[in-house]
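Here the structure comes first, spelled out in structure tokens, and everything after it is commentary.
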Amino acid sequence: MTTEHSGSGDVSRSLELLWGMAQRPSRGPKPGLALDRIVATAVRIADAEGLAAVSMRRLSTELGVGTMSLYRYVPGKAELLDLMLDHVNGLDADAHAPGLGWRAVLERVARGTWELHGRHPWLLHVDQGRPILGPNAMAGLEFALRGLDGLGLSDREMINVLVAVDGYVTGTARSHLNAVLAEKRTGVSNEDFWNAQAPVLEKAIASGRFPTQAKMSMDAFSGTGEEIFELGLTSLLDGLEKFIEARRSDESGVV
């Protein structure tokens with residue numbers, strides 16, 4: 001499947017639509033659709049059939065309107081993708097619970113991102129190297145930054161921490177979901193896939209060239225995606241705790 005790119009359309013137009021700054025047309029019939037409905041429908045299609053299934057023609061069919069009429073609301077698929085990304089990034093209602101420590105905040109951010117990819121696997125096919133920051137994205141960033149504020153970190157360090165956590169979560173989610181999607185795509189179970197390799201791998205192990213692997217138990221590779229995610233997240237946050245403690249010591253002058 002081809003990779004889509006955020007921010008690849010008319011950036012100014014995407015921002016206008018995201019922030020409600022777009023001017024309504026002064027001529028023509030009164031708009032009969034809500035932009036939110038168009039975006040929600042596009043997300044529903046992508047969730048069920050993948051991002052490639054989303055097109056202006058398909059949307060017009062689902063919404064019961066002419067294809068050209070959709071262009072009164074959104075210029076094209078590139079800008080629609082920007083709207084879809086911000087739409088799915090909405091925080092849960094309880095995400096803003098006051099009094100959370102920095103670690104609890106980052107745990108919520110990390111688990112929220114993990115669950116987000118599970119609900120919307122098509123996110124794996126979007127390169128967000130140049131994200132368009134809409135209201136939901138900004139709200140999520142504000143929540144995360146507020147959790148890190150006052151810890152002695154510089155502004156750059158706070159952003160770097162968030163990028164590190166996001167990079168870990170999205171990378172782990174990608175590995176996990178790719179395995180799940182491969183089974184659906186090919187119709188071959190993971191068990192059958194690895195069993196097909198067993199005869200060759202057993203001979204390789206028996207050769208004595210891989211002694212460490214030879215002595216491992218049969219369930220060594222049976223860890224679930226969630227198990228791996230939790231192990232990595234705990235380890236990452238433990239490391240960040242040491243980093244934050246060092247910054248606090250520097251700020252207080254404690255050696």
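Numbering starts at 1 and runs along the sequence shown.
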Would you kindly confirm whether [X] and [Y] end up in one hydrophobic cluster when ILVMFWY residues are joined by side chain heavy atoms under 4.5 Å apart?
X: Leu177; Y: Trp114; answer: no
X: Val165; Y: Leu231; answer: no
X: Leu237; Y: Phe143; answer: no
X: Leu15; Y: Met84; answer: yes
X: Leu81; Y: Val11; answer: yes

For the pair [X] and [Y], find out whether any cationic side-chain nitrogen is under 4.0 Å from an anionic carboxylate oxygen.
X: Arg103; Y: Asp238; answer: yes
X: Arg111; Y: Glu230; answer: yes
X: Glu245; Y: Arg248; answer: no

For the pair [X] (side chain) and [Y] (backbone), establish whether a donor and an acceptor sit closer than 3.5 Å, ignoring hydrogens and angles.
X: Glu79; Y: Asp10; result: yes
X: Tyr73; Y: Leu33; result: yes
X: Asp82; Y: Ser14; result: no
X: Glu157; Y: Ser154; result: yes
X: Gln213; Y: Phe210; result: no
X: Ser69; Y: Val65; result: no
X: Asn178; Y: Arg174; result: yes
X: Thr3; Y: Val126; result: no
X: Asp219; Y: Ser222; result: no
X: Asn89; Y: Leu85; result: yes

Would you mind telling me which of Leu123, Asp127, Leu51 makes a side-chain contact (heavy atoms from CB on, under 4.5 Å) with Glu4?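 Among the candidates, only Leu51 passes.
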From [X] atom [atom1] to [Y] atom [atom2], the distance as rounded to the nearest 0.5 Å:
X: Ile132; Y: Asp86; atom1: CD1; atom2: CG; value: 10.5 Å
X: His117; Y: Thr172; atom1: NE2; atom2: OG1; value: 10.5 Å
X: Asn195; Y: Ser189; atom1: CG; atom2: OG; value: 7.5 Å
X: Glu115; Y: Phe229; atom1: CD; atom2: CZ; value: 8.0 Å
X: Arg247; Y: Leu240; atom1: CZ; atom2: CG; value: 11.5 Å
X: Leu83; Y: Ile38; atom1: CG; atom2: CD1; value: 9.0 Å

Kindly indicate whether the side chain of [X], heavy atoms from C-beta on, has any atom under 4.5 Å from the side chain of [Y].
X: Phe243; Y: Leu151; value: no
X: His176; Y: Glu226; value: yes
X: Leu80; Y: Val54; value: yes
X: Glu241; Y: Trp102; value: yes
X: Thr41; Y: Arg44; value: yes
X: Val163; Y: Ile159; value: yes
X: Leu233; Y: Leu106; value: no

Between Leu162 and Leu148, is the side chain to side chain contact (heavy atoms under 4.5 Å, CB included) condition met? List the steps. CA-CA 9 Å; Leu162 297 182; Leu148 296 174; 3.8 Å; yes
Identify the two heavy atoms, one from [X] and one from [Y], that lie closest to each other, and give their separation to 0.1 Å.
X: His125; Y: Pro121; result: CD2-O, 4.3 Å
X: Ser60; Y: Gly66; result: CB-C, 3.9 Å
X: Met138; Y: Trp19; result: CG-CZ2, 3.8 Å
X: Leu100; Y: Ala104; result: CD2-CB, 4.1 Å
X: Val109; Y: Ala144; result: CG2-CB, 4.0 Å

Carefully, step by step, assess Met68 and Met56 under the rule side chain to side chain contact (heavy atoms under 4.5 Å, CB included). CA-CA 8 Å; Met68 294 306 297; Met56 301 300 274; over 6 Å; no
Derivation and outcome, side chain to side chain contact (heavy atoms under 4.5 Å, CB included), residues Ile45 and Arg58: CA-CA 9 Å; Ile45 294 171; Arg58 173 65 185 280; 3.7 Å; yes
Heavy atoms from other residues, nucleotides or ligands near CD of Glu191 exceed 12 (cutoff 6.0 Å):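 Open.
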